[in-house]
Undergrad: 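Before anything else, here's the structure in question.
Quick note on labels: first sequence line is chain A, next is B, and so on, each numbered from 1.
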Amino acid sequence: MSVRVLYREKEREMEPGISMTDAVKAFDKKLARKAIVARIDGKLVDMNTPITQDVDIEILTADTPEGLEILRHSTSHIMAAAVKRLFPDVQVTIGPSIENGFYYDFDRDEPFTPEDLPKIEKEIKKIIKENHSFEKQILTVDDAIKMFRDMGETYKVELIEDLVKNEKVETVSVYKSGDFVDLCRGPHIPSTSKIKSYKLLDVAGAYWRGDEKNKMLQRIYGTAFNNKEELDQHLKNLAEAKRRDHRKLGKELDLFSFQDDGGPGLAYWHPNGGLIRHIIETFWKEEHLKREYDLVYTPHIARAHLWETSGHLDFYRENMYSPLEIDGQEYILKPMNCPFHILIYKTKIHSYRDLPLRWAELGTVYRYERSGVLHGLLRVRGFTQDDAHIFCTPDQLKEEMINCVKFAIFIIESFGFSEYDIFLATRPVKFAGTSQEWDTAEDTLRKALNEQELPFTIDEGGAVFYGPKIDIKLKDALGRHWQGPTIQFDFNLSKKFDVNYIGADGQEHRCFMVHRALMGSLERFFGCLVEHYGGAFPAWLSPVQVMVLPIADRHIEYADQVAKQLKNENFRAKVDKRREKTGFKIREAQIQKVPYMLIIGDNEIEEQKIAVRERKQGDLGAMDIHRLIDILRERVEKKN
RNA sequence: GCCGGGAUAGCUCAGAGGUAGAGCAGCUCACUCGUAAUGAGCAGGUCAAGAGUUCGACUCUCUUUCCCGGCUCCA
């Protein structure tokens, strides 16, 4: 008796029961050493698994996404083993791999401190050196429960009991590496020695099962990579992200602030940030007008009654501020703009000939956010949405969706985001409308995306209760993901407000309504932009596009002349007239990330030229001012 | 909201149960200077706020506010 092992189209007869590792060794020794996990019939299996029947093996190393994920998952187990050795009183809970790393949650009365991390890292190193293999065992549920109960691991017992309840399992798998045993579905790396490059990063509190009603556990975050270079690169990226933190840059570039006296989550836009916002808003408005949107403006507060009609007081109450009393009437600060746009719509009877109506507003809304979630400009309590509502007939929906998606992509590409992922979020468990309505709407959205040949992912059940939506997630210069444009279909509000139009048949019909925000909120989008550009805004957005630097006082007159000429061409130019050395002035302009610096000295005056320094390219040498104007014009035009 | 860590000059940060320190920025003066920091001098603080312990608190304790890392939630 033997089994046939197929590997990369080569085939060998082998002893039944031989491990994957040993089998692969016969084909490729080097690869067997690097193997993290095997894939057989599309399923990932441990390298330690014995082969009992004919197989076609595919080997995954830590170079592959799947291999890396398993390496990280296994590293989290080893970290748990190390923690158990150092702190025998802890209980282990769960420890998955996550994007860029892993974590493990422990139940321990005393929190871990950052000082514990090096100690744990050292213990991990020891365990790796001891080279324990990961051995999988299948236990009956009863045996497993008994084992974990004897070990005092009550969370594991709870997990198993839930598996029995929810998935009706009769057996569970546990992995043993050295003296550490953990409940785990696997698969895992063959042995601890496969872990080469890892680092523990952070400690934090986290609720058991992510539910704030449960006990707070102590989480340790870490990461692992295929090799030291990749780990170092990752750590470098983390440091770069820190350098680009919009809160830090916001202060350095004097863009915005938050005021203790003003209250948390309420942003103050300083002149520099304000100017950039103005440019963004102007661009936004012009592009909307080009696309036959109308601009509307609505108040910040409305009677509580309106929010009752809209349903916000039912489903959004915990995010809304308490009512203000005005003349004995209750008013509430708006958390959304939609009811206001509907009120404008309802000032008239609309014919199907009027539709679609596209109404856009930079609408400032206020939402109560729990204190712990506020985060710079990315999560605030008062913000301006670049909102729009489209009222249309069912027939028009698809085209409106197509236009929204096109518009969204145009906007994000204008801000230098060339990579993005599109998601179609479908019906959640709780929803307004009928399943039939949802099916039709989802189908329309799907068609809209398909017709433009845009690849997208279905986010099953990811929609809000009132309708399916298309979300676009941006990838920034550091490869991080950001929530971008969102285009949401709404079954709910048009019903609540009875939003209708008169059709060709003379009858009233219910409007279709689409909410959409392309940037989301100006605050969040701006925070994201700051990080994406690392504060070095492209010329069209830079508060100061050109800093003119006269070398000595006698050069000021010409410098002023140059600045004036640039201003006449609608560029933002300033002259640094301080009696400082040129190097000093350059340094300051450079730190302020001004795109162009013009050095003006005797030579320039004599030749009637300017010496141009670009913030990234450095010294570009002397040129005629018209040459610079052409360059600037082109950069502003191209938004790069 | 919860767990943990913070708050010292405009900024970045050091310090410590006996009354506060640096660098940068600011102001003044000198230097008129060529591609990332000229030098000197001056000024700058209710050590987040309130209460308590103490002969004495910026330091220890408590409360509050705000910030940071997470959890949950989200534009």
Side-chain angles (χ1 to χ4, degrees), chain A residues 103 105 108-114 201-221 242 245 247-248 251-252 254 257-265 316 318-319 335-337 363-365 367-387 464 471 482-486 488 515-528 549-556 578-592 597-604 611-615 617-622:
Chain A
Y103 67 78
D105 285 346
R108 182 180 183 228
D109 292 335
E110 213 174 306
F112 295 104
T113 65
L201 297 170
D202 261 314
V203 293
Y207 300 106
W208 167 234
R209 301 191 145 171
D211 188 334
E212 63 186 46
K213 290 189 209 74
N214 290 338
K215 186 167 181 188
M216 175 79 58
L217 305 173
Q218 301 304 325
R219 175 171 296 182
I220 300 179
Y221 283 95
K242 227 176 188 172
D245 190 311
R247 292 165 300 185
K248 187 168 138 66
K251 214 177 268 179
E252 286 169 7
D254 201 9
S257 66
F258 290 89
Q259 301 294 328
D260 281 7
D261 289 338
Y316 209 68
E318 64 277 21
N319 286 292
M336 294 186 193
N337 303 302
T364 303
V365 298
R367 298 182 185 174
Y368 172 73
E369 299 286 353
R370 304 208 286 175
S371 61
V373 307
L374 300 175
H375 181 92
L377 286 178
L378 305 181
R379 193 74 183 274
V380 291
R381 285 180 173 163
F383 56 95
T384 301
Q385 291 183 307
D386 69 314
D387 213 352
V464 218
D471 275 339
W482 299 78
Q483 174 60 50
T486 177
Q488 314 190 341
H515 312 250
R516 50 101 286 199
L518 305 180
M519 299 182 286
S521 81
L522 286 169
E523 284 75 7
R524 181 179 284 182
F525 189 72
F526 182 62
C528 167
L549 309 176
I551 289 171
D553 286 353
R554 64 178 179 281
H555 308 124
I556 288 178
R578 293 175 303 173
R579 285 189 167 182
E580 297 288 353
K581 285 196 166 178
T582 310
F584 178 84
K585 293 185 186 178
I586 287 172
R587 182 184 145 80
E588 296 230 318
Q590 200 73 48
I591 287 170
Q592 287 303 306
M597 286 152 265
L598 309 184
I599 291 90
I600 305 293
D602 294 335
N603 302 338
E604 286 68 32
V612 180
R613 181 191 165 95
E614 201 274 344
R615 71 180 164 205
Q617 298 159 266
D619 192 356
L620 299 183

Undergrad: Have a look at A/D211 and say if it touches a base, only the backbone sugar-phosphate, or nothing, with a 4.0 Å heavy-atom cut-off.
TA: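 Nothing: the residue A/D211, judged by heavy atoms under 4.0 Å, touches no strand.
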Undergrad: Is A/R370 touching bases, backbone alone, or none of the nucleic acid, heavy atoms closer than 4.0 Å?
TA: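 It contacts base atoms.
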Undergrad: Could you tell me whether A/D602 contacts a base, only the sugar-phosphate backbone, or nothing, with contacts defined as non-hydrogen atoms closer than 4.0 Å?
TA: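 The residue A/D602 makes base contact.
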Undergrad: What is the pairing partner of B/G69, taking Watson-Crick or G-U wobble pairs with both distances under 3.5 Å in any strand?
TA: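 Partner of B/G69: B/C3.
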Undergrad: The side chain of A/R379 is closest to which nucleotide in this list: B/C33, B/C66, B/A75?
TA: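 From the listed options, B/A75 comes nearest.
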Undergrad: With respect to the phosphate group of B/C71, does any side-chain polar atom (N or O) of A/Y221 fall under 4.0 Å of OP1 or OP2?
TA: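 Answer yes for this pair, as a side-chain N or O of A/Y221 is under 4.0 Å from OP1 or OP2.
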Undergrad: May I ask you to say whether A/E580 pairs ionically with A/R587, meaning some side-chain N is under 4.0 Å from a carboxylate O?
TA: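 Not counted as a salt bridge, because no side-chain N and carboxylate O are separated by less than 4.0 Å.
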Undergrad: Please tell me which of the listed nucleotides, B/C68, B/C71, B/G34, lies nearest to the side chain of A/I551?
TA: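 Output: B/G34.
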Undergrad: Would you mind telling me which of B/C74, B/C71, B/C67 lies closest to the side-chain atoms of A/V373?
TA: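 Looking only at heavy atoms from C-beta outward on A/V373, the closest nucleotide is B/C71.
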Undergrad: Suppose we define a pair by two distances each less than 3.5 Å, Watson-Crick or G-U wobble; what does B/G45 pair with here?
TA: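 The base-pairing partner of B/G45, which may sit in any strand shown, does not exist here.
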Undergrad: Go ahead and name the base partner of B/G34; Watson-Crick or wobble counts if both distances stay under 3.5 Å, otherwise write none.
TA: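 When the pairing criteria are applied, nothing turns out to pair with B/G34, so the answer is none.
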Undergrad: For A/E212 and B/C71, what is the distance between atoms CD and C1' respectively, to the nearest whole Å?
TA: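 To the nearest whole Å, that distance equals 9 Å.
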Undergrad: Roughly how far apart, to the nearest Å, are B/C60 and B/G56 at atom C1'?
TA: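 Nearest-Å result for B/C60 against B/G56 at atom C1': 13 Å.
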Undergrad: Does A/R219 use its side chain to pair, donor to acceptor, with the backbone of A/A204 at less than 3.5 Å?
TA: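 No, A/R219 side chain to A/A204 backbone: no donor-acceptor pair under 3.5 Å.
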Undergrad: From C-beta outward on A/A204, which listed nucleotide comes closest to its side chain: B/G1, B/A75, B/G70?
TA: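 That would be B/G70.
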Undergrad: What's A/E369 touching, base or sugar-phosphate or nothing? Going by heavy atoms closer than 4.0 Å.
TA: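 Counting heavy atoms under 4.0 Å across all strands, the contact made by A/E369 includes a base.
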Undergrad: Measure from the side chain of A/H375, starting at C-beta and using heavy atoms only, and say which of B/G69, B/G34, B/C3 lies closest.
TA: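 Closest nucleotide among those given: B/G69.
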Undergrad: Taking B/C47 as the reference, what is the distance to B/U8 when you measure between their P atoms (whole Å, please)?
TA: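 B/U8 and B/C47 have their P atoms separated by 11 Å.
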Undergrad: Relative to the 5' end of RNA chain B, which residue comes earlier, A/Q488 or A/L217, by the nucleotide with the nearest heavy atom?
TA: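 It is A/L217 whose nearest nucleotide is closer to the 5' end.
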Undergrad: Using the C1' atoms only, state how far B/C42 lies from B/G5, rounded to an integer number of Å.
TA: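 Approximately 38 Å lies between the C1' atom of B/G5 and that of B/C42.
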Undergrad: For A/G263 and for A/P114, locate the closest nucleotide of RNA chain B by heavy-atom distance; then report the residue assigned to the nucleotide nearer the 5' terminus.
TA: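 Its nucleotide being nearer the 5' end, the pick is A/P114.
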Undergrad: Counting Watson-Crick and G-U wobble pairs only, both distances under 3.5 Å, name the nucleotide matched with B/U54, or none.
TA: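 Looking at the geometry, B/U54 pairs with no nucleotide.
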Undergrad: Output one letter per nucleotide in nucleotides 35-43 of chain B: B when a protein non-hydrogen atom lies under 4.0 Å from the base, S when only the sugar-phosphate is that close, - when neither is.
TA: BBBB-----
Undergrad: Would you please confirm or rule out a distance under 4.0 Å between OP1 or OP2 of B/C68 and any side-chain N or O of A/R247?
TA: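 Checking A/R247 against B/C68: at least one side-chain N or O falls below 4.0 Å of OP1 or OP2.
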Undergrad: Rounded to the Å, how far apart are A/L374 CG and B/C67 P?
TA: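 After rounding, the reported distance stands at 6 Å.
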Undergrad: Classify A/G205 by what it touches in the nucleic acid, base, sugar-phosphate, or nothing, heavy-atom distance under 4.0 Å.
TA: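 The answer is base, as A/G205 lies within the cut-off (heavy atoms under 4.0 Å) of a base atom.
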Undergrad: Could you tell me how far apart A/M216 (CE) and B/G4 (P) are, to the nearest whole angstrom?
TA: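 Nearest whole value for this atom pair: 8 Å.
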Undergrad: Where the side chain of A/R613 meets the backbone of A/D619, is there a donor-acceptor pair that is under 3.5 Å apart?
TA: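 No, because the side chain of A/R613 does not come within donor-acceptor range (under 3.5 Å) of the backbone of A/D619.
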Undergrad: Check every strand shown and say whether A/V380 touches a base, only sugar-phosphate, or nothing at a heavy-atom separation below 4.0 Å.
TA: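 Base contact.
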Undergrad: Which nucleotide sits closest to the side chain of A/R578: B/G69, B/A75, B/G26?
TA: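 Out of B/G69, B/A75, B/G26, the nucleotide with an atom closest to A/R578's side chain is B/G26.
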Undergrad: Taking A/E523 for its side chain and A/Q385 for its backbone only, find out whether a donor-acceptor pair lies under 3.5 Å.
TA: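 No; zero donor-acceptor contacts below 3.5 Å.
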Undergrad: For A/Y207 and A/L217, run side chain to side chain contact (heavy atoms under 4.5 Å, CB included): C-alpha distance rounded to whole Å, both residues' side-chain angles, the deciding distance at 0.1 Å, then the answer.
TA: CA-CA 6 Å; A/Y207 300 106; A/L217 305 173; over 6 Å; no
Undergrad: As a test of reading the structure: which of B/C67, B/G1, B/G69 is closest to the side chain of A/Y207, going by heavy atoms?
TA: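 Ranking B/C67, B/G1, B/G69 by closest atom to the A/Y207 side chain puts B/G1 first.
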Undergrad: Which is it for A/R209 and A/D211 under the salt bridge (Lys or Arg N to Asp or Glu O under 4.0 Å) test, yes or no, and what are the steps along the way?
TA: CA-CA 5 Å; A/R209 301 191 145 171; A/D211 188 334; over 6 Å; no
Undergrad: What is the distance from CZ of A/R381 to P of B/U65, rounded to the nearest Å?
TA: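 Atom CZ in A/R381 sits about 11 Å away from atom P in B/U65.
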Undergrad: Check every strand shown and say whether A/G372 touches a base, only sugar-phosphate, or nothing at a heavy-atom separation below 4.0 Å.
TA: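 Since a base atom lies under 4.0 Å of A/G372, the category is base.
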Undergrad: Any non-hydrogen side-chain atom of A/I220 less than 4.5 Å from a side-chain atom of A/Y103?
TA: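 SC-SC contact between A/I220 and A/Y103 ruled out.
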Undergrad: Using a heavy-atom cut-off of under 4.0 Å over every strand shown, decide if A/D553 touches base, sugar-phosphate, or nothing.
TA: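 Touches a base.
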Undergrad: When you measure from the side chain of A/R381 to the backbone N and O of A/E369, does any donor-acceptor pair fall under 3.5 Å?
TA: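 Judged by distance alone, yes, a pair lies under 3.5 Å.
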Undergrad: Any chance CD of A/E110 has more than 12 other-residue heavy atoms, nucleotides or ligands included, within less than 6.0 Å?
TA: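 No, CD of A/E110 has 12 or fewer neighbouring heavy atoms, counting only those of other groups under 6.0 Å.
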Undergrad: Confirm from the modelled atom types if A/R524 and B/C74 form a donor-acceptor pair under 3.5 Å, side chain to base only.
TA: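 Per atom types, the contact qualifies.
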Undergrad: Is it the case that the side chain of A/K585 and the backbone of A/R578 share a donor-acceptor pair, with hydrogens and angles ignored and the cut-off at 3.5 Å?
TA: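 It does hold such a pair.
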Undergrad: Grab the NZ-C1' distance between A/K248 and B/U12 for me, whole Å please.
TA: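 These atoms are roughly 9 Å apart.
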Undergrad: Only pairs with both distances under 3.5 Å count, Watson-Crick or wobble alike; so what is the partner of B/A22 in this structure?
TA: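 Partner of B/A22: B/U12.
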Undergrad: Counting only side-chain nitrogens and oxygens, does A/K585 get under 4.0 Å of the OP1 or OP2 atom of B/G34?
TA: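 Answer no for this pair, as no side-chain N or O of A/K585 is under 4.0 Å from OP1 or OP2.
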Undergrad: Stacking check: are the rings of A/F525 and B/A75 less than 5.5 Å apart at their centres and under 30 degrees in tilt?
TA: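 Stack criterion not met.
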Undergrad: Distance between the P atoms of B/A25 and B/U12, in whole angstroms?
TA: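 Their P atoms lie roughly 15 Å apart.
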Undergrad: Would you measure the distance from the C1' atom in B/G6 across to the matching atom in B/A75 and give it in whole Å?
TA: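 B/G6 and B/A75 have their C1' atoms separated by 29 Å.
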Undergrad: Could you tell me the separation between the NZ atom of A/K213 and the P atom of B/C73, rounded to a whole number of Å?
TA: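 Value for this atom pair: 11 Å.
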Undergrad: Using whole Å, report how far CG of A/N214 lies from C1' of B/G1.
TA: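 Interatomic distance, CG of A/N214 to C1' of B/G1: 15 Å.
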Undergrad: Would you say the side chain of A/Y103 and the base of B/G70 hold a donor-acceptor pair, judged only by whether the two atoms sit under 3.5 Å apart?
TA: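 Flag unset: no donor-acceptor pair detected.
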Undergrad: What's the CG-C1' distance between A/L378 and B/C68, to the nearest Å?
TA: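 So the two atoms are 14 Å apart, to the nearest Å.
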Undergrad: Output yes when a side-chain donor or acceptor of A/D386 lies under 3.5 Å from a complementary backbone atom of A/L518, and no otherwise.
TA: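 It does hold such a pair.
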